[in-house]
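Each ligand, and each atom within it, is numbered from 1 in the order the structure gives. In this text the structure is predicted, and so the values were computed from the model without any measurement.
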Amino acid sequence: MLAASCVSQSPEYPLSGLSVGERPEPAVPDGWVAVRIRAAALNHHDLFSLQGVGLPADRLPMILGCDGAGTTDDGREVVVHAVIGDPAAGGGDETLDPRRTLLSELHDGTLAETVVVPARNVVPKPAAFSWAEAACVSTAWLTAYRMLGARSGLPRDGGGKVLVQGAGGGVSTAAVMLAKAAGHTVFVTSRDEAKRALALKLGADAAFASGERLPARMDAVIETVGAATWSHSLRSLRPGGVVVCSGATSGPNPPADLARLFFLQLSVVGSTMGTRDELAGLLAFMADRGLRPLIDDVRPLADVRTSLARLATGEIFGKLVLSV
Ligand SMILES: NC(=O)c1ccc[n+]([C@@H]2O[C@H](COP(=O)([O-])OP(=O)(O)OC[C@H]3O[C@@H](n4cnc5c(N)ncnc54)[C@H](OP(=O)(O)O)[C@@H]3O)[C@@H](O)[C@H]2O)c1
């Protein structure tokens with residue numbers, strides 16, 4: 001089958017370790033299912049894997065990809081849930097299982113004609129979603145959903161003030177749309193004026209240059225950019241506010257600014273992916289509100305190198321999809 005694999009790793013030249021070609025059809029262990037992928041989507045995670053972050057070299061070659069949607073052997077149309085973990089081992093939450101992995105970290109991922117996952121790792125695809133739309137939700141959208149929901153402390157019935165850093169990313173665009181749909185006031189930042197304009201079109205109430213002082217203090221910040229925006233995130237919170245962090249694209253070690261943290265009684269909360277139940281809840285919420293993932297580009301899987309190169313530049317707005 002055709003697949004996009006990580007065969008070697010380079011922090012400087014991540015695409016040098018990408019191989020797009022034939023791989024053997026996977027075996028299906030007991031209790032697992034094969035999904036014939038119809039569309040898959042890229043995440044920054046795929047670039048990190050090619051850079052040697054989060055994917056040990058002794059596991060190569062590894063088929064990349066966390067996001068995908070397709071059909072099972074018994075004809076079900078499904079979205080793949082990329083968190084491979086045991087809810088019981090995580091106190092009822094598989095994302096907290098100490099042995100949890102994401103697809104493409106220990107088990108081959110979705111950038112392939114077929115992926116094999118535990119039977120619980122598929123959820124029904126909403127009929128109204130295209131394959132491309134369905135392929136976008138299980139990483140960036142799920143992450144944004146958990147950040148805003150279980151992790152942020154924002155009121156369930158809306159009315160909160162939330163800042164989303166780095167308007168163009170997959171998690172960020174999802175966070176803007178989900179937060180607006182939930183009834184919050186949403187501010188965004190971006191380095192790029194065109195992305196700020198697009199974020200306003202997505203529904204953001206106001207858009208600011210990265211680092212710009214905001215006219216109001218936020219209840220919560222959705223942070224995935226990391227070092228480049230971290231101090232601004234802390235400065236933007238009201239006393240008692242929460243920064244929810246699920247990524248660090250620009251670097252993981254900014255100054256902690258501990259004086260601000262304790263004096264204003266801020267909370268720093270980590271978040272990663274979401275549970276199978278949260279994925280089902282997200283799909284139901286999106287179907288109910290008529291929300292669809294923002295797609296920047298769709299091209300064939302054979303062209304994945306072009307899409308990964310674009311992701312590496314950061315010059316994207318929404319998700320990059322591969323049709324399979
Ligand atoms: N923990 C999890 O479960 C989870 C799940 C999904 C993603 N993530 C992580 O979240 C991060 C975002 O991933 P993604 O796939 O949504 O997209 P991405 O490609 O990492 O994000 C692109 C955005 O990051 C911003 N950015 C990048 N470098 C920047 C810099 N030096 N200064 C300011 N902004 C910068 C850019 O915003 P502007 O150009 O608009 O300024 C750009 O639009 C990644 O680190 C990823 O690994 C984590």
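- In plain terms, the two heavy atoms of Ile295 and Cys136 that are nearest each other are CG1-SG, 4.0 Å.
- Closest to atom 41 (O) of ligand 1 among all protein heavy atoms lies Arg191 N, 2.9 Å.
- Of the candidates Ala175, Gly274, Ser190, Ser138, it is Ser190 that places a heavy atom closest to atom 40 (O) of ligand 1.
- Annotation for ligand 1: atoms under 4.0 Å from non-hydrogen atoms of Gly170 are 14 (P), 16 (O), 17 (O).
- In this structure, atom 22 (C) of ligand 1 lies nearest to the protein heavy atom Gly169 CA, 3.7 Å.
- Residue-level proximity to ligand 1 for Thr249 is carried by backbone and side chain together, each with a heavy atom below 4.0 angstrom.
- The minimum heavy-atom distance linking Ala134 with Ala69 is given by the pair CB-CB, 3.7 Å.
- Each of the atoms 2 (C), 3 (O) of ligand 1 lies under 4.0 Å from some heavy atom of Met273.
- Of all heavy-atom pairs spanning Cys66 and Thr110, the tightest one is N-OG1, 3.4 Å.
- Distances below 4.0 Å separate heavy atoms of Ser250 from the following atoms of ligand 1: 30 (C), 31 (N).
- Looking at atom 39 (O) of ligand 1, its nearest protein heavy atom turns out to be Lys195 NZ, 2.7 Å.
- For atom 37 (O) of ligand 1, the nearest non-hydrogen atom from the set Ala227, Gly166, Cys245, Gly54 comes from Gly166.
- Against a heavy-atom cut-off of under 4.0 Å, Ala228 is close to the following atoms of ligand 1: 30 (C), 31 (N), 32 (N), 33 (C).
- Residue contacts with ligand 1 include Ser271, since one of its heavy atoms falls under 4.0 Å from the ligand.
- A donor-acceptor contact shorter than 3.5 Å links the side chain of Asp192 to the backbone of Lys195.
- Atoms of ligand 1 found under 4.0 Å from any heavy atom of Thr139, numbered from 1 in the order shown, are 5 (C), 6 (C).
- Here the shortest heavy-atom pairing between Val243 and Ser233 reads CG2-CB, 4.2 Å.
- Minimum interatomic distance between Phe208 and Arg213 (heavy atoms only, all atoms of both residues): CD2-O, 4.5 Å.
- In this structure, Thr72 contributes its side chain and Arg76 its backbone to a donor-acceptor pair below 3.5 Å.
- The shortest N/O to N/O separation between Ala167 and ligand 1 falls below 3.5 Å.
- Taking the six-membered ring for Trp and thresholds of 30 and 60 degrees, Tyr145 and Phe285 have ring planes inclined between 30 and 60 degrees apart.
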Requested in this report: Determine, stepwise, if the pair Arg38 / Glu77 fulfils side chain to side chain contact (heavy atoms under 4.5 Å, CB included).
Outcome: CA-CA 10 Å; Arg38 299 291 301 272; Glu77 298 192 342; 5.7 Å; no
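- With respect to atom 18 (P) of ligand 1, the closest heavy atom belonging to the protein is His44 ND1, 3.5 Å.
- The backbone N or O of Arg191 lies less than 3.5 Å from a partner atom in the side chain of Ser210, making a donor-acceptor pair.
- Protein heavy atom in closest approach to atom 4 (C) of ligand 1: Ser246 O, 3.5 Å.
- The two residues Asp297 and Arg310 come nearest to each other via the heavy atoms CB-NH1, 3.7 Å.
- Nearest to atom 7 (C) of ligand 1 by heavy atom, out of Val188, Val171, Thr95, Val164, is Val171.
- The part of Phe48 lying near ligand 1 is the side chain, judged by heavy-atom distances below 4.0 Å.
- Heavy-atom proximity to Gly247, at under 4.0 Å, picks out these atoms of ligand 1: 9 (C), 10 (O), 45 (O).
- Proximity of Thr143 to ligand 1, defined as any heavy-atom pair under 4.0 Å, is confined to the side chain (atoms from C-beta onward).
- Of all atoms in ligand 1, listed by their number and element, those nearer than 4.0 Å to a heavy atom of Gly168 are 40 (O), 43 (O).
- Of the protein's heavy atoms, Val225 CG2, 3.8 Å lies nearest to atom 25 (C) of ligand 1.
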